[in-house]
Amino acid sequence: MSFDPLIILSERFKQAIAAAFPDQPASRDADPLITPGRNPQLADFQSNAAMPLGKALGKPPREIASAILAKLDLTAIAEPFTDASIAGPGFINIRLSAAALAGLLGRLDTPSLGIDLPEHPHRIVVDLCGVNLAKQMHVGHLRSIIIGDALARTLTRLGHTVVRQNHVGDWGLNIAMVTAKAQAEHAAGRLSFSDLSLDDLERLYKLAQRECSADERGLAAALRWWAHPKAVAELETQVTGAREELAKAKATLVRLQAHDPETVAAWQRIADITMRACLETCARLHADVRAEHSAGESSYSEELALVVDDLARRAVAEESNGALVVRCEGIDEPCLIRKSDGGFLYATTDMAAIRRRVQKLGASRVIYCVDIRQGLHFKQIFCAAHKAGYAATPTGPALLEHAGFGMVLGEDGRPYKTRTGENIKLTDLIDEAIERAGAVVAAKSPDLPPAERARIAEVVAIAAIKYADLSNDRARDYVFSFDRMLAFEGNTGPYLLYALARTRSILRKAAEQPGGPPAPTQGAGAPLRLTEKHEKELALALLRYPGALRSVAQSLEPHRLCQYLYDLAGAFSAFYTNCPVLTAQGDATRASRLRLCALTERLLADGLNLLGIETVDRM
RNA sequence: GCGCUCGUAGCUCAGUUGGAUAGAGCGGCGGUUUCCUAAACCGCAGGUCGUGGGUUCGAAUCCCGCCGGGCGCGCCA
């Protein structure tokens, strides 16, 4: 049986509602609408079921509430009902008894912290990171890595099998351009493949982009408006040059597709350099993105023609102005899967990816952690995939979800860039955070050994970056500010690390006393005596953990877990200042409070781990 | 032009899918340390939830109009 008050109360209320109105169909699947009490003064939990039920049955809600209470037996869990139990239009207020609270908390105190395995675990693909070859990782990748990793960790924690997929942009004309450029530079003796950095590659990439983009419109305009012959000549030269470069890139793409060894070797070198840097950065961010998670666009290249033929043959796709499109009801813009020149597009690759993820990897849920501006694109390909049957599983269509995220803005409210308008490299961002965190640690904790201080600065810095990202509504833009995230005040990663460090400090001190058990087992099994207000509130906060995790898994919004952990840390801080632990009056109280500390410690650490945030013992 | 999205305290943001007197943090003012980490805790001030209508017992939340911002709209990814 569950210890989660939300679930227990929901069950009890469901039965009571059914019993109170046995002949009413509306009462059979009425949602008990149990939530934590809006106002802690009035209730620990409340049910809002009476109001909608009153509407459905045409009776006053307070009358409904009385009828529910008459059938409701919560003697083992809650304090007796009073006149105040039914309040306002028909809220039903529930106050858990101290004994019940202690009992429930005791059942949360298991190795898994009360998180039960699901009856039917899912295989879930999480698409995250999504770097491009020959490009530095910048803030545009930050959220995909951080949010995707947190979602993957949370879903894993809930007992699902998660398959991470790094959909690397490693194919297509853009990549062929930089490959061609690198080969040309190599042939000219200006470049050595053996000591090539990602910075070099990015320079080549930009150069190739520029050289391949012809100013056709400029030339047309110049001709139409009888521009100066010299200007026209310059534009003609540019356009001719660009067309040549583009032709070279296309030829390179053909050679890549034909597995030409020399071309593939150059491409592979570019991929290796990029991926090495990518995985290093992910590791610095403590995000679990490894080589085996890479499933680049190149890995689908052989499947694209098959997919397109399949869609055309089964008439899922149709021709339109020479191109092949999939039309979906409710979406005006058709989904292009083949250009009129026969080339494939990124939607083609995404269709192939859905097919593989559901059919080969066995996913019943696919989560795309990608910029929210691609919302229309995902709407299209999800619809197209369903239409094509690619998302079908034996138990019904797989759930395809776009967990889109907003942009990272600077403090001026515009996309976060350097002063010169360049993307900010993630490595620079991380370096700066660590440097700033180091300065604070040195100021606040000068007595700690330098090596430990350095470690703390690193953990705190990454926690600050990630928590700032995760604690904001995923779908919305957020303002990036070192000062705010590293101010160590309020709803920040460092605040949570600090609360956790305080729990550990108490447990450590308790363990240092002669004859005591080691820190992790302090308070283990001690009877919980929840008499003080702050003890009860801490207990209630602890019990809400499973609900918070379920909510994240359903909504794919990690900021709900952040909010929960912040509330928990706040409840602990209040407990900490008001309820002495080591110097508590009486051994029983001391043991009970130690157990509360130990539970808080485990739960905070667990929650932070799900956010992909490492912890420290002291700070 | 069509579509999506946002507008909540001076600033940065929550608001449990329609519920009680709209909450945090920062900033401002004030208080707490011979006592487990003061990177903390407590109190005060600060709001016409962009705006006008509508739906109902009840709206920041749902619907419509308007104002303002952001973004996206077949042959780039």
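Labels below follow one simple rule: chain letters A, B, ... track the order of the sequence lines, proteins then strands, and each chain is numbered from 1. All values below come from the heavy atoms of this structure, side chains included, with hydrogens, waters and symmetry mates left out.
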Could you please name the option among [options] that lies closest to any side-chain atom of [X]?
X       : options                   : value
R484(A) : rC57(B), rA14(B), rU12(B) : rU12(B)
H559(A) : rA14(B), rC13(B), rU17(B) : rA14(B)
Q46(A)  : rG74(B), rG15(B), rG19(B) : rG19(B)

| message | If only side-chain N and O atoms count, and only distance matters, is there a donor-acceptor pair under 3.5 Å linking T492(A) with R484(A)? | response | no

| Cut-off 3.5 Å, side chains only: do R560(A) and S555(A) have a donor facing an acceptor? | yes

| field | Any donor-acceptor pair under 3.5 Å from Q380(A) side chain to E333(A) backbone | value | yes

| query | Counting distance only, does the side-chain N/O of R143(A) pair as donor-acceptor with the main-chain N or O of G406(A) below 3.5 Å? | reply | yes

| request: On the 0 to 90° scale, with breaks at 30° and 60°, tag the H377(A)-Y346(A) ring pair as parallel, tilted or perpendicular. | output: parallel

Between [N] and [M], how far is it from one [atom1] atom to the other, in whole Å?
N       : M       : atom1 : answer
rU61(B) : rG7(B)  : P     : 11 Å
rC57(B) : rC73(B) : P     : 44 Å
rU16(B) : rC6(B)  : P     : 13 Å

| query | How do G172(A) and A574(A) order along RNA chain B: which one's closest nucleotide is nearer the 5' end? | reply | A574(A)

With respect to the phosphate group of [N], does any side-chain polar atom (N or O) of [X] fall under 4.0 Å of OP1 or OP2?
X       : N       : value
R38(A)  : rA20(B) : yes
K339(A) : rC76(B) : yes
K509(A) : rU37(B) : yes
R590(A) : rC36(B) : no
R338(A) : rG74(B) : no
Y495(A) : rC41(B) : yes
S573(A) : rA40(B) : no

| remark: Per the O4'-C1'-N9-C4 / O4'-C1'-N1-C2 angle with a 90° window around 0, rG65(B) comes out anti

| message | Is the base of rA20(B) stacked against the aromatic ring of F91(A), taking ring centres under 5.5 Å apart and planes under 30° as the test? | response | yes

